[in-house]
Amino acid sequence: MSNKTIEIIKNRVSCRNYSDKKISLKKALEIAEAGKFAPSGMNRQIANIYLINSKRYVEKLRTLSIKTLGRDCMYGAKTIILVGGPREDCFTPQDCSCVLENMFVAANALKIASCWINQFDELFQNKDGLKVKKSLGIPEDIRIIGSCILGYPKDGAFPEPKARKEDFIKVL
C-alpha cells in the first residue's frame, strides 16, 4: 500500500517549458497558502511570500531576466511566487527553502507544474533590478532565496521523474 502524499513528493519534477495557459488565482493562492504552513526556526515565521500573478509584473520580471541574463529564467511561466526573508537573519535560507518545498509539493498535488528559480536576488542587485524590486513592494533588506514558478507544461505532459542515485541514503 502506498501513501498518496509520498507519491506526490516522489513524482514532483521541475518543468522548464510552460504553455500560455495561466493558472487561476485561486490555485495560486492555495499553493502560496501551503507555503505559509512550512516549519520555521523557533516558529518566528520570518519568510515572506510574494505572489506575482499580474501580467504587468510578470513581464517586468521577464524583461529584467532577459536584459540581465540574456534569457527568460522563468521559461514562459505566467505566475511566480518569490520567497524571501531578512537579509541578515541566519534562518532566512532554511525557512524560505521550507516554504518553497511546501509550495512545490502543493503544486504537484494540484497538477500544476513548477520549478525552483534561484536568480531573483541576483537580478535585484543592479539599478534596474532594484527598481523592479521596489515596484513589487519588496523591501530592500529582504533577500529573495528562491521562487516557485507555476503553470502548465507546454506539451501538456509533465516530465518524468529522474532516477535517484543508489547510494543517496546512508543507514548508520
Side-chain angles (χ1 to χ4, degrees), residues 12 14-108 110 112-154:
R12 196 217 73 81
S14 293
C15 177
R16 293 181 179 86
N17 198 3
Y18 291 87
S19 75
D20 288 334
K21 183 180 175 189
K22 188 175 176 180
I23 68 167
S24 71
L25 179 57
K26 180 181 176 187
K27 284 189 178 182
L29 285 167
E30 194 171 353
I31 292 165
E33 181 81 8
K36 196 167 94 170
F37 289 91
S40 67
M42 298 185 299
N43 196 32
R44 290 175 40 229
Q45 301 177 36
I46 60 172
N48 296 285
I49 299 171
Y50 302 94
L51 172 55
I52 303 164
N53 200 45
S54 80
K55 184 176 180 177
R56 177 176 159 229
Y57 288 125
V58 169
E59 287 310 311
K60 276 187 173 193
L61 290 171
R62 191 175 327 283
T63 299
L64 179 64
S65 171
I66 292 167
K67 185 175 182 180
T68 307
L69 302 174
R71 62 185 176 82
D72 175 6
C73 73
M74 299 172 294
Y75 303 103
K78 307 286 186 251
T79 301
I80 301 146
I81 303 176
L82 302 174
V83 180
R87 187 167 296 282
E88 302 304 322
D89 196 298
C90 66
F91 288 116
T92 290
Q94 295 87 340
D95 285 7
C96 292
S97 295
C98 288
V99 168
L100 284 158
E101 180 62 15
N102 270 21
M103 292 191 302
F104 295 130
V105 172
N108 196 43
L110 294 172
I112 305 286
S114 65
C115 187
W116 179 311
I117 306 300
N118 287 317
Q119 290 88 352
F120 285 103
D121 198 61
E122 175 189 337
L123 292 175
F124 291 150
Q125 297 303 312
N126 63 40
K127 189 176 98 176
D128 291 335
L130 285 169
K131 282 184 194 175
V132 171
K133 186 177 183 181
K134 187 176 182 175
S135 76
L136 295 171
I138 302 172
E140 254 186 74
D141 67 332
I142 294 295
R143 176 180 172 197
I144 301 300
I145 296 302
S147 68
C148 174
I149 60 172
L150 300 166
Y152 297 100
K154 191 165 192 154

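Taking Lys78 as the reference, Asp20 meet the salt bridge (Lys or Arg N to Asp or Glu O under 4.0 Å) condition, with sequence neighbours excluded. Evaluation of the side chain to side chain contact (heavy atoms under 4.5 Å, CB included) rule for Asn43 yields Ser40, Gln45 as partners, not counting sequence neighbours. For the side chain to side chain contact (heavy atoms under 4.5 Å, CB included) test, residues two or more places apart in sequence or in another chain that qualify with Leu25 are Leu29, Leu51, Asn53. Applying the side-chain hydrogen bond (donor to acceptor under 3.5 Å, both in side chains) test to Asp72 and every residue at least two apart in sequence or in another chain returns Arg62. Contacts of Phe124 classified as ring pair (Phe, Tyr, Trp, His ring centres under 6.0 Å), with partners at least two apart in sequence or in another chain: none. Looking at residues two or more places apart in sequence or on another chain, you find a side chain to side chain contact (heavy atoms under 4.5 Å, CB included) between Ala38 and Cys98, Val99, Asn102. Partners of Lys67 according to the salt bridge (Lys or Arg N to Asp or Glu O under 4.0 Å) rule, which considers only residues two or more places apart in sequence or in another chain, are Asp128. For Ser14, the side-chain hydrogen bond (donor to acceptor under 3.5 Å, both in side chains) test picks out Arg12, with sequence neighbours left out. Every residue two or more places apart in sequence or in another chain that forms a side chain to side chain contact (heavy atoms under 4.5 Å, CB included) with Pro153 is listed here: Cys15, Ala113, Asp155, Phe158. With sequence neighbours excluded, the residues forming a salt bridge (Lys or Arg N to Asp or Glu O under 4.0 Å) with Glu33 are Lys36, listed by chain and number.
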Exercise for the section: Assess whether side chain to side chain contact (heavy atoms under 4.5 Å, CB included) is satisfied between Leu69 and Glu122, documenting all intermediate values. Expected result: CA-CA 10 Å; Leu69 302 174; Glu122 175 189 337; 4.0 Å; yes
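Side-chain atoms of Tyr50 and Ile81, non-hydrogen and from C-beta on, never get closer than 4.5 Å to each other. In this structure, Lys22 and Tyr18 have side chains that are not in contact, with every pair of non-hydrogen atoms separated by 4.5 Å or more. Arg87 places a side-chain heavy atom less than 4.5 Å from the side chain of Asp121.
How far CD of Glu59 is from CE of Met74: 7.0 Å, rounded to the nearest 0.5 Å. In this structure, CG on Asn126 lies 6.0 Å from CG on Leu64, to the nearest 0.5 angstrom. For the atom pair Tyr57 OH and Lys55 NZ, the distance stands at 15.5 Å (nearest 0.5 Å). For the atom pair Glu30 CD and Ile23 CD1, the distance stands at 10.0 Å (nearest 0.5 Å).
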If you look only at distance, which donor and acceptor atoms sit under 3.5 Å apart when one is on a side chain in residues 134-150 and the other is two or more places apart or in another chain?
unit_1, atom_1, unit_2, atom_2, d
Ser135, OG, Lys60, NZ, 3.2
Ser135, OG, Val132, O, 2.7
Ser147, OG, Ile117, O, 3.3

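Counting only residues at least two apart or on different chains, the ring-ring contact (aromatic ring centres under 6.0 Å, His included) pairs with a member in residues 83-106 are Phe104-Trp116.
Side chain of Thr92 to main chain of Pro86: a donor-acceptor pair is present (N/O by atom type, distance under 3.5 Å, no hydrogens or angles). With Ser65 contributing its side chain and Cys73 its backbone, the two residues share a donor-acceptor pair below 3.5 Å.
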